[in-house]
2 protein chains.
Amino acid sequence: MATTPQDNRPLDPLLIGSGWQAQKSASTRTQIIEAAITCLVELGYGRTTTTEIAKKAGLSRGAMLHHFPSKMDIIRASVEYLHAKRLRAFRKAMAKEPTDGDHVRLGIEGYWSHVKHPWFVAFFEIAVAARTDKELAAILFPAQEAFEREWYETSLELFPEWKRKGEKFMLGFDLTRYVIEGMGISFLTHKETERDKRVLRYLEAKLKDLADEDR
Amino acid sequence: MATTPQDNRPLDPLLIGSGWQAQKSASTRTQIIEAAITCLVELGYGRTTTTEIAKKAGLSRGAMLHHFPSKMDIIRASVEYLHAKRLRAFRKAMAKEPTDGDHVRLGIEGYWSHVKHPWFVAFFEIAVAARTDKELAAILFPAQEAFEREWYETSLELFPEWKRKGEKFMLGFDLTRYVIEGMGISFLTHKETERDKRVLRYLEAKLKDLADEDR
DNA sequence: AGCCGGTTTCAATCATCCTTGACTTTTTCA
DNA sequence: TGAAAAAGTCAAGGATGATTGAAACCGGCT
């Protein structure tokens, strides 16, 4: 008989040494959360069922319900997971020095990539569902607010020279957000076109105008 | 006496002559469609059920299922209804001469109002659901494409002087669309802020810049 | 060391509720 | 009277959460 608790999944040798290998069932939790996110992306919020999540995670439904007693618990954990992942990915993308020194372009491209990522799609599905689901809204709202705030602060660090022109910076920030998110929504059902690239280039030019104005 | 031919499709009020009580049937259909739209707005696509629609329409479920054999038939009719209503409302809003002669502002305010209207919310709910529902996508896509095309042409009529600068007009068109729809999505869960108004004013200014450039 | 009782992890089944669409019956009105 | 509209009933399928049961792991004890 194998000494591993589950033969279907390899154990992380680093975690075996650290006392409770049972604690590594945290990896099972992650597996469930990622399965839930996949379901959100592929099926949408409405068709994401516990059965489907369990199937996708390679677990039995009962096993999964042990980790997360109810469906909403899975969603809650997924929201936290997505929040952390999205923010981390965005910060990482912004942290690297652009090859051409063009921070504005880097920021636009970064957020545009971000919006095309499945994580954004999953978050969006939850956000749309939350419009008509109070319980879901109570879960999503704090994370959403925190994300926007932390994203704003990250951007401020990225453009330290803008700090003095608060209102103008905020305008550029909001404009970028709306344009790119609007494009992102459109991208959910359509493909990216040359027209979209033109809009991004125009946005870039206008942001630079804003930065240079009344200096 | 039944003068109707042996119709394989028992329901088509448009084809039935004026004398019949089918007019009442047509009004009942409209009632059902509007109830469905209310459900989409208040409950979202996922929670819109035939039971709920019937209740909201003040009909028994059986009666409703007589008019629309299946749920998808109601949605199909709702998509057509929304398409017609949205386009009509938008054209009407654009047709009136602005008091200050400012067509750009009129266009922006018009589309911004449009995006805040329940009809857009309902359409949006269907669009999001269609991302992961092929059958729904097949219904929605033609209507969505037609709407965008007809909206574009309406805008062209509104700004005849832009006709000569095709690419620049399209850029302004796309930019406006993305900014306002992005704001609209945000508006679904947040309230309109002063920051939003600033973005709209900025958009207006930039559209006028585009119109005046290299003239 | 080796056995034992309790706890944690996972699997399977069950009962319940909801949704849908087909079918049947009643009512309305020309 | 007879056909259309409306109302009511029903079974099949799906989704959720609870219960039951098995296997592995931990501690303590002889």
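Sequence lines set the chain letters: A, B, ... in the order given, protein chains first and strands last, and positions in each chain run from 1.
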Could you give the [atom1]-to-[atom2] distance, from [X] to [N], as a whole number of Å?
| X | N | atom1 | atom2 | answer |
| --- | --- | --- | --- | --- |
| Leu43(B) | dC18(C) | CG | P | 15 Å |
| His66(B) | dT26(C) | NE2 | C1' | 15 Å |
| Phe68(A) | dC10(C) | CZ | P | 12 Å |
| Ile32(A) | dA11(C) | CD1 | P | 10 Å |
| Lys55(A) | dA12(C) | NZ | P | 15 Å |
| Leu59(A) | dT9(C) | CG | P | 13 Å |

Between the protein and nucleotides 11-18 of chain D, list every N/O to N/O distance that falls short of 3.5 Å.
residue, atom, partner, partner atom, Å
dT16(D), OP1, Lys71(A), NZ, 2.9
dT16(D), OP2, Thr50(A), N, 2.8
dT16(D), OP2, Thr50(A), OG1, 2.9
dG17(D), OP2, Lys71(A), N, 3.2
dG17(D), N7, Arg61(A), NH2, 2.1
dG17(D), O6, Arg61(A), NH2, 2.9

Test: Glu192(B) and Lys116(B) ion pair at under 4.0 Å: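 Yes.
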OP1, OP2 of dT8(C) versus side-chain N and O of His67(A): anything below 4.0 Å? no
Does the pair Asp133(B) and Arg47(A) meet the rule for a side chain to side chain contact (heavy atoms under 4.5 Å, CB included), with working shown? CA-CA 10 Å; Asp133(B) 187 330; Arg47(A) 291 183 172 181; 2.8 Å; yes
Where at least one partner belongs to residues 33-42 of chain B, residue pairs that pass side chain to side chain donor-acceptor pair (under 3.5 Å), sequence neighbours excluded: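 Those involving residues 33-42 of chain B are Glu34(B)-Tyr81(B), Glu42(B)-Lys56(B).
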Taking every non-hydrogen atom, the tightest pair across Glu204(A) and Asp102(A):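 For Glu204(A) and Asp102(A), the tightest heavy-atom pair comes out as OE2-OD2, 3.6 Å.
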Aromatic centroids of Phe120(A) and His117(A) separated by under 6.0 Å: no
Measuring centre to centre across the rings, with the benzene-like ring taken for any Trp, is Tyr178(B) within less than 6.0 Å of Tyr178(A)?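 No - the distance between ring centres of Tyr178(B) and Tyr178(A) does not fall below the 6.0 Å cut-off.
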